[in-house]
Amino acid sequence: MSQFWKPGTERPQGRVVDDEEGGVLFLSGSHHSSSSSRYGYASIDKQRQRLPVFKYRTAILYLVETRATTIIVGETGSGKTTQIPQYLKEAGWAAGGRLIACTQPRRLAVQAVASRVAEEMGVKLGEEVGYTIRFEDVTKPDVTVLKFLTDGVLLREMMDDPLLTKYSVIMLDEAHERSISTDILLGLLKKIQRRRPELRLIISSATIEAKSMSDFFRMRKKRREPENEEHGLQVEPVILSVEGRGFNVQINYSEEPVQDYVQAAVSTVLLIHEREPAGDVLVFLTGQDDIDASVQLLNDEVQTTGKHSSGLIVLPLYSGLSRAEQELVFSQAPRGKRKVIISTNIAETSLTLEGIVYVVDSGFSKQRFYNPISDIENLVVAPISRASARQRAGRAGRVRPGKCYRLYTEEYFLNHMSNEGIPEIQRSSMVSCVIQVLDDDAKLTSPTGFQVAEIPLDPMVSKMIIASSQLGCSEEIITIAAVLSVQSIWISGRGIQKESDEAKLRFAAAEGDHVTFLNVYKGFHQSGKSSQWCHKNYVNYHAMRKVLEVREQLKRIAKRIGLVLKSCESDMQVVRKAVTAGFFANACHLEEYSHNGMYKTLRGSQEVYIHPSSVLFRVNPKWVIYNSLVSTDRQYMRNVITIDPSCLLEAAPHFYQLQQSNHLLR
DNA sequence: GAGCACTGC
């Protein structure tokens, strides 16, 4: 362990200041604000040196060498994500066959950063610089030394290598977003540090959470491991702050509380357009309904009172849009026109829009909440946190000084908004990730429990796949699992409702949605995977490509864990059995006296209804199993299949024994 | 006869 090669680094010039609580250091470099000149014809090296993070290069390397954990607070545009991994490599942290890892919460960011770094280093992507995301491993063993990956992938790598021995440094980027995977990684990495004192962590976080990150990684003095001290390694974490390249954003608050934020957003946009100089506008609302409504209102305004609002190009932005519609948002507005983008939270973290000068912030977003008693996840419109509000405002200052209009009062911002949002881990069901982090004492059943943990899907889906291997219908079940993993394989939208409903009926199977998916997949396959075929049948071609991709991945995993790949041809009875084996806990029985299609769940007797998008809507079979619940004014079951109640006992005698003795199984 | 903020393995 002690043979690990440590690169020698000079002590930096800057000041190292001890925090009064001991341990936490702020290292203040010289704060010459770098000019924000655009990349001109400068060489890549020159460009790299112009980034704000460059003048902290020595400091960062010094801290990484001498501290187990370094926390970097970097604003957007500091260059930390692309530069720090390169500094580490230049300093020798990738020598001796070790790797440097840099994680991101999102796949797209992983790909983008990796290709940028490969370009800067002048190497081919997938050689010295590579990346890994689910379904895509662009790395070369023994060649790749800088590896970018999603935090979910790193978590999964821990299943095979719990101490992550091949990495010398792990940088967790965007840790302030507190995704479930990031949070679990933070916890596990802290444990790994005790066993691997030579491992270095870099946590990149936004200002506000930096202190709590540092507190988390500070080891208690009593429990400090003596061997770490012998290493000459300081176990107390350190915080280093790197300035960004953002411009000042002037904040304007509403003077009175706003009654209707859609209306207020529309008026504000019109006011900006009337009074403010050129520059695009970004409006944050909560969801598709709000956004479509305000796009409509603004366009009506453009039509009726052409004078004020001519020159406005109004564009919606949310994840449900087609690719072509999303791309419109990135195109530059014609000269003399002002672009107004009305968006969900997608523009707060996932997408970066250039040219935004004005931001209108409704103060709300849709957030997931989980009720562990009913085991139901809900999507609710809720106030955002101050951290979110700052993030939204920051979107106005990327190209030049901007303005942010908050549709709430300053008093509300200061006294009623929470400082930080509730981390995702506290708002979600943990079924999918808990199985990954159980240790040897967790008593996973053999072999099923271990196989379930190997498949990167919800445990119920995994169980269904494993059962299908024994039932001889794994080809079909893997197709169903792949379809369930994409959002929707149907094209939907205004104006084509009737046609798409009719198209769906052509594939409808009496057994329910799962078998309907098989029919669609069969048709798609027989058409030669044709996009025209999809178009004609109101099937989403991009979704079907994704289904193919996921399907191949699942087949590979199935083979690896020793499952039998076999088709049951047209025997849908075994398909239903396999679905039941996975989803027995979601069984429901029709309450016949109710005459309105009300079902009750066997587990918990909750009132549920078949979702109108299901092929079994209004068919109301006596016994069904659902894939998931959507919670609105009612609880709707999405993706439903008919079952035989005797299969329930067969599939899960341990689960339904009690119910049977209570005569709940009729 | 209803609707899906955003991610991820």
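For clarity, every value in this text was computed on a predicted model and none was experimentally measured. Every chain is numbered from 1, with letters handed out A, B, ... down the list of sequences. Hydrogens, waters and symmetry mates play no part in the numbers below; they use all other heavy atoms, side chains included.
Between the side chain of A:Ser388 and the backbone N or O of A:Ile384, no donor-acceptor pair lies under 3.5 Å.
Residue A:Ile133 has its side chain nearest to B:dC9 when only B:dC9, B:dG1, B:dC4 are considered. Of the candidate nucleotides B:dA5, B:dC4, B:dG1, B:dG1 has the atom nearest to the side chain of A:Phe617. Checking B:dA2, B:dC6, B:dC4 against every side-chain atom of A:Arg368, the shortest atom distance belongs to B:dC6. Side-chain proximity of A:Pro612 to the nucleotides B:dC6, B:dC9, B:dG1 is greatest for B:dG1.
Taking the nucleotide of DNA chain B with the nearest heavy atom to each of A:Thr150 and A:Val630, the more 5' of the two is matched to A:Val630.
Residue A:Ile455 is out of contact with every strand shown, counting any heavy-atom pair closer than 4.0 Å. As judged by a 4.0 angstrom heavy-atom cut-off over every strand, A:Arg634 is placed among residues making no nucleic acid contact. Using a 4.0 Å heavy-atom distance criterion, A:Thr344 is classed as a sugar-phosphate-only contact. Looking at heavy-atom distances under 4.0 Å, A:Arg106 makes contact with sugar-phosphate atoms alone, never a base. No contact: A:Asp458 has no heavy atom under 4.0 Å from any strand.
Residue-to-nucleotide contacts include no donor-acceptor pair under 3.5 Å from the side chain of A:Asp292 to the base of B:dG3.
Seen from the ring of A:Tyr370, A:Arg427 does not count as a face-on cation partner, given the 6.0 Å and 45° thresholds.
Between the NZ atom of A:Lys546 and the P atom of B:dG8 there is a distance of 8 Å, given to the nearest Å.
In this structure A:Arg395 satisfies the salt bridge (charged side-chain N to carboxylate O under 4.0 Å, His left out) test with no other residue, sequence neighbours excluded. Checked against salt bridge (charged side-chain N to carboxylate O under 4.0 Å, His left out), A:Arg638 has no partners two or more places apart in sequence or in another chain.
Between A:Arg156 and B:dG8 there is no side-chain N or O to OP1 or OP2 distance below 4.0 Å.
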